[in-house]
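Only one structure is covered here, and it is reproduced in the block below.
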Amino acid sequence: MSVVRVEELARHVGETVTLRGWLYNRRSSGKLHFLEVRDGSGIVQCVVFKGNVTPETFTAANHITQESSVEVVGSVKEHGKIKGQHELDVKEVRVLAATTQEYPIGPKEHGTDFLMDNRHLWLRSRRQHAIVRVRHAIIKAVRDFFDGRDFTLVDAPIFTPNACEGTSNLFQTDYHGDPAYLTQSGQLYMEAGAAAFGSVYCFGPTFRAEKSKTRRHLAEFWMVEPEVAFLDLEGDMKLAEDFLSCVVGRALETRREELKVLERDTSMLEKVIPPFPRITYAEAIDLLQKNGHPEAKVGDDFGGDEETVISSRFDRPVIVHRYPMGLKAFYFKRDPGDDRLALNMDVLAPEGYGEIIGGGQREDDLGKLEAAIDHHKLPRPAFEWYLDVRRYGSFPHAGFGLGIERTVAWVCGLPHVRETIPFPRMLNRLAP
RNA sequence: UCCGGCUUAGCUCAGUCGGUAGAGCAGGCGGCUGUUAACCGCCGGGUCGCUGGUUCGAGUCCAGCAGCCGGAGCCA
């Protein structure tokens, strides 16, 4: 008799199998007990009929507490009421370990703060399970995409010696007596990597110490950052749309069931295929002025509100390119056609999910990059290694960064990024 | 940091005009052969966030503080 996983049950109809898992919920109807058992791969209804088991087993089955670990033996059959689903006709139920106290998360509603306090247990519930599985599929698709295009994985360090880009607040740590900061981006290291390997990417956690309390922010989030030698902005945008389409397509392909649990309307996701609409920053400002933001003017950055207005004009992700240099980090290359503009691009997700990709072409001229560092009042010595990338055979190159949690929130249709990462780190949450 | 809201049973919430605390779920007992957050009956369960004030009397009104949620700024 084989031990099978819930997600494999369809291949074992008519067989007697063993399941090991935890009691998710229990209902009863006199001579029938319905035990919902989950094993990590899914949830299955196990039917205990009084006539099929010993009186002791029947009574005991009705007293198994929620989330006790159990072993169930039974035969697999079609669900009595729901077509396409399967259930287990129980022959034996054994409690492996009963809960020692009442499980805190009941089948009724709970508040977010309470659930986050119990995040280690909340992950067991149906929706959270679905979200983490979608996240996994997205991350796997990210790696498969770059691996399939012969990118080399070049991991960037987490500890960095300087508060580099000078834009956001970083977490400071004590590094054997010297200050060190948790990375906010692996990009500068990827530029060095591109000169060594051609096409590279890094994928890891990044940190921002900003006191942001919004549905789009985490203190610790995961970012994938490709960087490609001899690529211009045009190629970068092409790479971004191919990449995002591939990732979303994979989630749709491999995580249908999970998206159904999340009640995600996938029609908007089906449309994520290249090419994406592209507009310039100037066109975006114009669009804002004509759609409820008459105060918008060149030089403004977009808030969440503005991003929603722009993205809602399109039925798929939209690329906004060529922002004013003043709004962007020092390392962007200037547009040869208008040196007030940066050769950068942001990808805004539809349905109000905002910026999920930011990137562009990097400055490859040594003198201009030195000037930009001075202009931003950044400490030159910290950037000598970065300038070396230009001193020793400079080359045009471009790349971008994609925020995993915002992408997962968008694909899953969640209102907040906090549920897209197993253990979120936020302004007021460091535990569990 | 700023603006707004919330805080009552283990959990989710109701609580009228200021008059002495309620429901559902969870837990226990019983009932029902097809339940889907099952349902029905019975039982136990309270520092009304904290501190102070007004009042004969405060869960309720006022002030301060704390925690949480949402938004802004900043960003992915």
Side-chain angles (χ1 to χ4, degrees), chain A residues 24-36 43-52 58-59 62-63 65-67 77-82 85 87 89 99 101-118 121-122 125-127 165-170 183-187 205-225 240 300-308 327-329 346-349 353-359 400-410 415-418 420-421 426-429:
Chain A
Y24 190 69
N25 196 7
R26 169 167 50 79
R27 292 177 289 274
S28 174
S29 180
K31 297 198 172 76
L32 284 171
H33 299 318
F34 299 93
L35 308 179
E36 278 195 296
I43 299 175
V44 67
Q45 171 166 284
C46 301
V47 184
V48 188
F49 175 50
K50 196 169 187 176
N52 288 351
F58 186 74
T59 306
N62 201 30
H63 289 84
T65 50
Q66 193 190 352
E67 289 300 328
K77 61 172 201 176
E78 291 282 331
H79 193 287
K81 277 192 166 174
I82 304 168
Q85 279 196 22
E87 62 181 18
D89 225 350
T99 51
Q101 52 196 294
E102 185 190 323
Y103 188 68
I105 303 175
K108 287 276 179 180
E109 291 168 11
H110 298 283
T112 313
D113 194 46
F114 171 79
L115 289 167
M116 275 300 175
D117 283 341
N118 291 284
L121 302 176
W122 191 20
S125 67
R126 207 188 299 262
R127 277 181 63 85
E165 296 175 34
T167 46
S168 36
N169 297 316
L170 304 188
T183 184
Q184 58 163 325
S185 164
Q187 185 211 310
T206 50
F207 308 86
R208 302 283 165 90
E210 242 103 38
K211 298 204 185 299
S212 297
K213 275 176 71 174
T214 81
R215 63 178 72 222
R216 297 185 305 278
H217 288 88
L218 293 169
E220 176 181 311
F221 66 98
W222 286 65
M223 188 154 65
V224 57
E225 295 173 281
D300 294 348
D301 209 347
F302 305 132
D305 219 32
E306 286 83 2
E307 287 179 351
T308 302
L327 294 178
K328 290 290 153 185
D346 284 352
V347 178
L348 307 183
Y353 284 93
E355 183 186 347
I356 52 172
I357 284 180
F400 60 82
L402 170 116
I404 290 294
E405 286 74 19
R406 285 188 184 177
T407 305
V408 175
W410 167 46
H416 201 300
V417 292
R418 67 189 158 205
T420 64
I421 184 166
M426 299 178 290
L427 185 54
N428 292 315
R429 181 166 295 281

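Throughout, protein chains are lettered first and strands after them, A, B, ... in sequence-line order, and every chain is numbered starting at 1.
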So if I take every side-chain heavy atom of [X] and compare against [options], which nucleotide ends up nearest?
X	options	answer
A/His79	B/rA72, B/rA76, B/rG34	B/rG34
A/Gln45	B/rA72, B/rG34, B/rC75	B/rG34
A/Glu102	B/rG10, B/rA72, B/rU36	B/rG10
A/Asp113	B/rC69, B/rU33, B/rA76	B/rC69
A/Glu210	B/rA76, B/rC74, B/rC68	B/rC74
A/His217	B/rG34, B/rA76, B/rC68	B/rA76
A/Arg418	B/rC75, B/rA38, B/rG70	B/rG70

Contact class for [X] vs. all strands (heavy atom < 4.0 Å): base, sugar-phosphate, or nothing?
X	value
A/Lys328	nothing
A/Arg126	nothing
A/Ile356	sugar-phosphate
A/Phe114	sugar-phosphate
A/Thr407	nothing
A/Gly354	nothing
A/Glu220	nothing
A/His63	sugar-phosphate
A/Ile357	sugar-phosphate

Any strand counts, and the cut-off is 3.5 Å on both contacts for Watson-Crick or G-U wobble. Which nucleotide pairs with [N]?
N	answer
B/rG27	B/rC43
B/rC48	none
B/rG4	B/rC69
B/rC61	B/rG53

Side chains of A/Glu225 and A/Ser185 only: does a donor on one sit below 3.5 Å from an acceptor on the other?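 On atom types as modelled, these side chains qualify, holding a pair under 3.5 Å.
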Donor + acceptor pair across side chains of A/Thr206, A/Thr183 (<3.5 Å):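 No.
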Looking at A/Arg215, does any N or O in its side chain come under 4.0 Å of the phosphate oxygens OP1/OP2 on B/rA72?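 Checking A/Arg215 against B/rA72: no side-chain N or O falls below 4.0 Å of OP1 or OP2.
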Is A/Asn118 near enough to B/rC11 that one of its side-chain N or O atoms lies under 4.0 angstrom from OP1 or OP2?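 Checking B/rC11 against A/Asn118, no side-chain N or O comes under 4.0 Å of OP1 or OP2.
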Figure out the [atom1]/[atom2] separation between [X] and [N], and round it to whole Å.
X	N	atom1	atom2	answer
A/Arg216	B/rG71	CZ	P	7 Å
A/Tyr24	B/rA26	OH	P	14 Å
A/Met116	B/rG70	CE	C1'	15 Å
A/Phe58	B/rG31	CZ	C1'	12 Å
A/Asp301	B/rG73	CG	P	9 Å
A/Leu115	B/rU12	CG	P	8 Å
A/Asn52	B/rG34	CG	P	15 Å
A/Arg27	B/rU33	CZ	P	17 Å

Between [M] and [N], how far apart are the [atom1] atoms? Round to whole Å, please.
N	M	atom1	value
B/rC43	B/rU36	P	25 Å
B/rG64	B/rU54	C1'	15 Å
B/rA14	B/rA9	C1'	13 Å
B/rU47	B/rC74	C1'	41 Å
B/rG4	B/rG10	P	32 Å
B/rC75	B/rG71	C1'	16 Å
B/rG57	B/rC61	C1'	13 Å
B/rC29	B/rG44	P	16 Å

Above 12 or not: heavy atoms from other molecules or residues under 6.0 Å from NZ of A/Lys50?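 No, NZ of A/Lys50 has 12 or fewer neighbouring heavy atoms, counting only those of other groups under 6.0 Å.
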Determine whether a donor-acceptor pair (one donor, one acceptor, N or O, separation below 3.5 Å) exists between the side chain of [X] and the base of [N].
X	N	answer
A/His110	B/rC11	no
A/Arg406	B/rC75	yes
A/Gln66	B/rG27	no

Would you call A/Lys328 and A/Asp301 a salt bridge, taking side-chain N to carboxylate O under 4.0 Å as the test?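 Looking at A/Asp301 together with A/Lys328, the answer is no, because their closest N to O distance does not fall below 4.0 Å.
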Do the charged groups of A/Glu36 and A/Arg26 touch, with an N to O distance under 4.0 Å?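 So A/Glu36 does not pair with A/Arg26 through a salt bridge.
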First encountered from the 5' end of RNA chain B, between A/Pro104 and A/Asp346: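 Taking each residue's closest nucleotide, the earlier one in sequence belongs to A/Pro104.
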Position toward the 5' end of RNA chain B (nearest nucleotide), A/His416 or A/Phe34: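 Of the two residues, A/Phe34 wins.
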Evaluate whether the aromatic ring of A/Tyr103 and the six-membered ring of the B/rA26 base sit under 5.5 Å apart, centre to centre, with an inclination under 30°.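 Answer is no, no stack.
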Which value, rounded to the nearest 0.5 Å, describes the distance between [X] atom [atom1] and [Y] atom [atom2]?
X	Y	atom1	atom2	answer
A/Glu220	A/Arg208	CD	CZ	12.5 Å
A/Met223	A/Thr407	CE	OG1	11.5 Å
A/Phe34	A/Arg27	CZ	CZ	7.5 Å
A/Tyr353	A/Thr308	OH	OG1	10.5 Å

